> 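I have a structure here, written as structure tokens, and I will follow up with some questions on it.
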Amino acid sequence: MTLADALPALPLDAYRGPTLEVARWLIGKMLWSRIDGELTGGIIVETEAYVASVDPAAHGYRGETPRTRSMFGPPGHAYVYVSYGLHHCLNVVTEPAGEAAAVLLRALEPRAGLDIMRNRRGEHCHDRDLCRGPGRLCQALGITLREDGAPLSGPDLWIAEASQGHQWAVATSRRIGISRAVEWPWRFFVPGSQFVSRGMPRGARPDESAVQ
DNA sequence: AAGGGGATTGCCT
DNA sequence: GGCAATCCCCTTA
């Protein structure tokens, strides 16, 4: 899969809507990066919604800080932060500017530039592990704090429809790795996909409304 | 001014 | 399955 296979970036307006709807809608879309001239990309198979106005687990819940500034910015832009001092995590900012809300991209099914991903992740990395987890995804695609605040409309980082219009089933569950609002079913993923970051945790269920 | 804790990962047992 | 790594941010004193 090369640049010629990439469809144009989705319009930034598409991210302005309710975060939970955007989080579900993003499943099955392609995330592309062309960082350091290297093209990489994959199908989004796992997301989580964070809405600071009501969500104690969200960054920005206690107001804007230097780290969370992008989360308060306009929709369709990247919010990248450093986790545990060493891993990067990529969010898509949602809702109108001023509302701190975003969708965390947790896993991709790698489709383009797998050799590049392996250069970054390790030569012995199995396909399945290249983008399985928010930190791994960023490492595989070369995403760092440099991309924080960047619009997801290219040319370095963008989200587009997948070239084959495959319909993916979507399931929901509790979010991973948080200690507040732990019961909220705000995680969306492709059930059965080997590229999802973990097996189905407690509380997981098929999401009927998203299965076509 | 100091300390606790994290939207994680990889390696160890 | 458990735990260390690692650093900065935010909370509390």
Side-chain angles (χ1 to χ4, degrees), chain A residues 15 18-20 22-24 26-27 31 42 44-73 75 77-95 99-108 110 117-150 152 157 159 171-190 194-204:
Chain A
Y15 306 95
T19 305
L20 287 167
V22 175
R24 175 179 306 169
L26 279 171
I27 298 291
L31 173 67
I44 298 169
V45 295
E46 182 182 355
T47 64
E48 282 178 356
Y50 290 89
V51 182
S53 58
V54 295
D55 180 7
H59 295 170
Y61 180 66
R62 292 179 175 80
E64 185 175 340
T65 65
R67 180 178 68 144
T68 61
R69 196 176 67 83
S70 301
M71 198 171 171
F72 287 78
H77 291 239
Y79 163 46
V80 181
Y81 70 93
V82 179
S83 176
Y84 291 89
L86 58 162
H87 306 292
H88 296 275
C89 293
L90 171 66
N91 295 256
V92 182
V93 177
T94 57
E95 315 268 356
E99 305 240 355
V103 174
L104 172 68
L105 303 186
R106 287 193 55 91
L108 307 179
M117 294 183 185
R118 238 182 298 276
N119 288 344
R120 294 171 174 151
R121 293 269 305 126
E123 291 304 321
H124 300 294
C125 190
H126 190 282
D127 286 4
R128 171 188 174 156
D129 295 324
L130 287 172
C131 305
R132 191 164 61 91
R136 293 162 166 177
L137 175 164
C138 284
Q139 188 181 21
L141 271 62
I143 294 163
T144 65
L145 282 182
R146 237 183 9 212
E147 280 65 48
D148 184 42
L152 292 170
L157 189 61
I159 296 174
T172 63
S173 78
R174 299 147 60 129
R175 294 173 291 183
I176 306 283
I178 56 170
S179 58
R180 290 174 288 209
V182 293
E183 301 289 344
W184 299 6
W186 284 16
R187 173 175 178 251
F188 301 84
F189 61 99
V190 176
Q194 62 171 325
F195 301 100
V196 167
S197 71
R198 286 195 202 177
M200 230 180 267
R202 193 165 78 74

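Just the heavy atoms: all of them, side chains too, but no hydrogens, waters or symmetry mates, feed the values below. Just so it is clear: chains get the letters A, B, ... in the order the sequence lines come, proteins before strands, and each one is counted from 1. Computed from a predicted structure; not experimentally measured.
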> Can you check nucleotides 11-13 of chain C for protein contacts, nitrogen or oxygen pairs under 3.5 Å, and list what you find?
| unit_1 | atom_1 | unit_2 | atom_2 | d |
| --- | --- | --- | --- | --- |
| C/dT11 | OP1 | A/Arg62 | NE | 3.3 |

> Which nucleotide span of DNA chain B, 5' end to 3' end, has atoms closer than 4.0 Å to non-hydrogen atoms of chain A?
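Reading along DNA chain B, I get B/dG6 to B/dG10.
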> Looking only at heavy atoms, which two atoms of A/Ile27 and A/Val190 are closest? And how far apart?
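The answer is CG2-CG2, 3.6 Å.
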> Any ion pair linking A/Arg69 and A/Glu64 (charged N to carboxylate O, less than 4.0 Å)?
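No.
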> Is there a side-chain contact between A/Val103 and A/Leu26, using heavy atoms and a 4.5 Å cut-off?
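Yes, side chains in contact.
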> Using a strict heavy-atom distance below 4.0 Å, which residues from residues 118-137 of chain A are in contact with DNA chain B?
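Hits under 4.0 Å, by residue number: A/Arg121, A/Gly133, A/Pro134, A/Gly135, A/Arg136.
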> Taking NZ, NE, NH1 and NH2 as the nitrogens, is one of them in A/Arg118 or A/Asp127 under 4.0 Å from a carboxylate oxygen of the other?
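Here A/Arg118 pairs with A/Asp127 in a salt bridge, since their nearest N and O are under 4.0 Å apart.
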> Any side-chain heavy-atom pair from A/Thr47 and A/Leu104 closer than 4.5 angstrom?
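No, every pair of side-chain atoms sits at 4.5 Å or beyond.
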> Identify whether NZ of Lys or CZ of Arg in A/Arg187 sits under 6.0 Å from the centre of the six-membered ring of A/Phe189 and within 45° of that ring's axis.
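Output yes; distance and angle both within limits.
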> Taking the side chain as C-beta and beyond, is there a heavy-atom pair between A/Leu20 and A/Trp186 under 4.5 Å?
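Counting from C-beta outward, A/Leu20 and A/Trp186 do come under 4.5 Å.
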> Do A/Tyr50 and A/His59 have their ring centres less than 6.0 Å from each other?
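No, they do not, as the ring centres are separated by 6.0 Å or more.
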> Quick check for you: to the nearest 0.5 Å, what is the distance between A/Ile44 atom CD1 and A/Leu31 atom CG?
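If we round to the nearest 0.5 Å, A/Ile44:CD1 and A/Leu31:CG are 5.5 Å apart.
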> Measuring only the P atom in each nucleotide, how far is B/dG4 from C/dA4? A whole number of Å is fine.
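So the two P atoms sit 15 Å from each other.
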> Have a look at A/Asp55 and tell me which of A/Arg180, A/Arg175, A/Arg62 forms a salt bridge (charged side-chain N to carboxylate O under 4.0 Å, His left out) with it.
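The option that passes is A/Arg175.
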> Mind checking which stems touch DNA chain C? I mean at least 3 consecutive Watson-Crick or G-U pairs, both distances under 3.5 Å.
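Consecutive-pair runs (3 or more) involving DNA chain C: B:1-6 with C:7-12, B:8-12 with C:1-5.
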> Write down the distance separating the P atoms in B/dG5 and C/dC3, rounded off to the nearest Å.
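Between the two P atoms, the distance is 16 Å.
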> Please check if any side-chain donor atom of A/Arg106 sits under 3.5 Å from a side-chain acceptor atom of A/Ser197, or the reverse.
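Yes, because at least one side-chain N or O of A/Arg106 sits under 3.5 Å from a partner of the opposite role on A/Ser197.
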> Could you state the interatomic distance from CG (A/Leu90) to CG (A/Leu152), rounded to the nearest 0.5 Å?
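If I round to the nearest 0.5 Å, the distance is 6.5 Å.
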> Between protein and nucleic acid, restricted to nucleotides 3-6 of chain C and to nitrogen or oxygen atoms under 3.5 Å apart, what atom pairs and distances do you find?
| unit_1 | atom_1 | unit_2 | atom_2 | d |
| --- | --- | --- | --- | --- |
| C/dT6 | O2 | A/Tyr84 | O | 2.7 |

> Expressed as a whole number of angstroms, how long is the span from A/Leu145:CG to C/dC9:C1'?
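Atom-to-atom, A/Leu145 to C/dC9, this comes out as 13 Å.
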> Can you see whether A/Tyr81 has A/Arg67 sitting over its ring - NZ or CZ less than 6.0 Å from the centre and within 45° of the normal?
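Here A/Arg67 passes the 6.0 Å and 45° test against A/Tyr81.
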> Enumerate, atom names and distances included, each donor-acceptor pair closer than 3.5 Å involving a side-chain atom of residues 139-146 of chain A, sequence neighbours excluded.
| unit_1 | atom_1 | unit_2 | atom_2 | d |
| --- | --- | --- | --- | --- |
| A/Gln139 | OE1 | A/Arg121 | NH1 | 2.7 |
| A/Gln139 | NE2 | A/Arg120 | O | 3.2 |
| A/Thr144 | OG1 | A/Arg146 | N | 3.3 |
| A/Thr144 | OG1 | A/Glu147 | OE1 | 3.4 |

> Need to verify one output field. Residue with the more 5' nearest nucleotide on DNA chain B, A/Arg180 or A/Gln139?
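That would be A/Arg180.
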> Just by distance, no angles: are the side chains of A/Glu95 and A/Thr19 close enough, under 3.5 Å, to form a donor-acceptor pair?
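A/Glu95 vs A/Thr19: donor-acceptor pair found between side chains.
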